[in-house]
**Q** 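Just dropping this structure here.
In what follows, every heavy atom counts, from backbone to side chain, and hydrogens, waters and symmetry copies are set aside. Read the numbers this way: they start at 1 and go in the same order the structure lists the ligands and their atoms.
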Amino acid sequence: MNRSCSWALIPIGFLLVAAWAQGPTQFHPDFNLFSKEQEIQLGQENAARVRKQMIVVHNPYLNEYVTRVGKRLGSSREARESGFPFTFEVVADPSLNAFALPGGPMFINTGLLRAVDNEAQLAGVMGHEMSHVILRHGTSQASQSKLIELSAVLGSQVAGGSLVGQLAQMGIGLGANSVLLKFSRSAESQADLMGSHLMAEAGYNPIEMARFFEKLNAEGGSKTPQFFSDHPNPDNREKAIEQESQKLARQAYGYETGEFPRMKVMVSAIHEPKPPARAR
Ligand SMILES: [Zn+2]
């Protein structure tokens, strides 16, 4: 290869590196003592408890609606590759919240369904929750804070034996301030950015996630919405999501199931308990 030819390759190489550097941020699950199977088992055992303690809405239309939005997000690359079996249920609770248990079970409050202005905002909260699952944030946090005790419990666990009881004795349950559901600010930032990937692939504009969190923040006033007690608001949230969405492959947003208005009518008819039921 002559000198002029190799010089000519430099700008091309630079462009390729620049294009790579502009790609979406890559995230990988952190240190974790739970196997994926244990993680799924833990989530399913806890989901069974949530179903007893909270009021699950047995409205086929609403459950089908959130499942449709959830499956669309779940068909994105990062969600698919996680291999977690995501499920979606609605619970009658007026507080603005949703939560996802390790391994995939997600519960969405009627209060959240009432509060979102459009389907992309709902997809934003769901994509954020799903990202905590994909990145195994809850069990990773538990692994790091209870390293010694967990090593013994998980290492000696008999296949098929219950995990929830043993972990509850170590203070790893779904109670207030649960390490499985109360996230650090860095976990929050990761869930925002990965959530924006899931949204974009599904055809929802990621900026709607940021808009909804801003709206929640503004509406809360002196009272912090329940969502923020488990998901602390990182700094410059909207800007970070906007910058990440610029790194994603350009695509047309605006996907909708077309069912959002009917969902709103349905949810307005759901009776919510007062004071709110709390499983946590
Ligand atoms: Zn979060």
**Q** Decide, counting backbone as well as side-chain atoms, whether His132 has an N, O or S atom less than 2.8 Å from the Zn ion (ligand 1).
**A**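 Looking at His132, which is the residue asked about, there is an N, O or S atom under 2.8 Å from the Zn ion (ligand 1).
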**Q** Does any N, O or S atom in Glu188 come within less than 2.8 Å of the Zn ion (ligand 1)?
**A**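 Within the cut-off used here (under 2.8 Å), Glu188 does place an N, O or S atom near the Zn ion (ligand 1).
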**Q** Decide yes or no on side-chain contact (heavy atoms from CB on, under 4.5 Å) for Phe88 and Met130, but give the supporting numbers first.
**A** CA-CA 10 Å; Phe88 310 91; Met130 202 179 257; 3.5 Å; yes
**Q** Please report, to 10°, the angle around the Zn ion (ligand 1) from atom NE2 (His128) across to atom ND1 (His231).
**A**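 Angle NE2(His128)-the Zn ion (ligand 1)-ND1(His231): 120°, rounded to 10°.
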**Q** Please evaluate residues Asp93 and Ser95 with respect to the criterion side-chain hydrogen bond (donor to acceptor under 3.5 Å, both in side chains), reporting the C-alpha separation (whole Å), side-chain torsions for both, the decisive distance (0.1 Å), and the verdict.
**A** CA-CA 6 Å; Asp93 187 321; Ser95 55; 2.7 Å; yes
**Q** Please name the pair of heavy atoms, one in Arg68 and one in Thr257, separated by the smallest distance, quoted to 0.1 Å.
**A**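 Of all heavy-atom pairs spanning Arg68 and Thr257, the closest is NH2-O, 3.5 Å.
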**Q** Distance under 6.0 Å and angle within 45° of the ring axis: does Arg136 meet both against Phe34?
**A**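 That pair does not qualify as a cation-pi contact.
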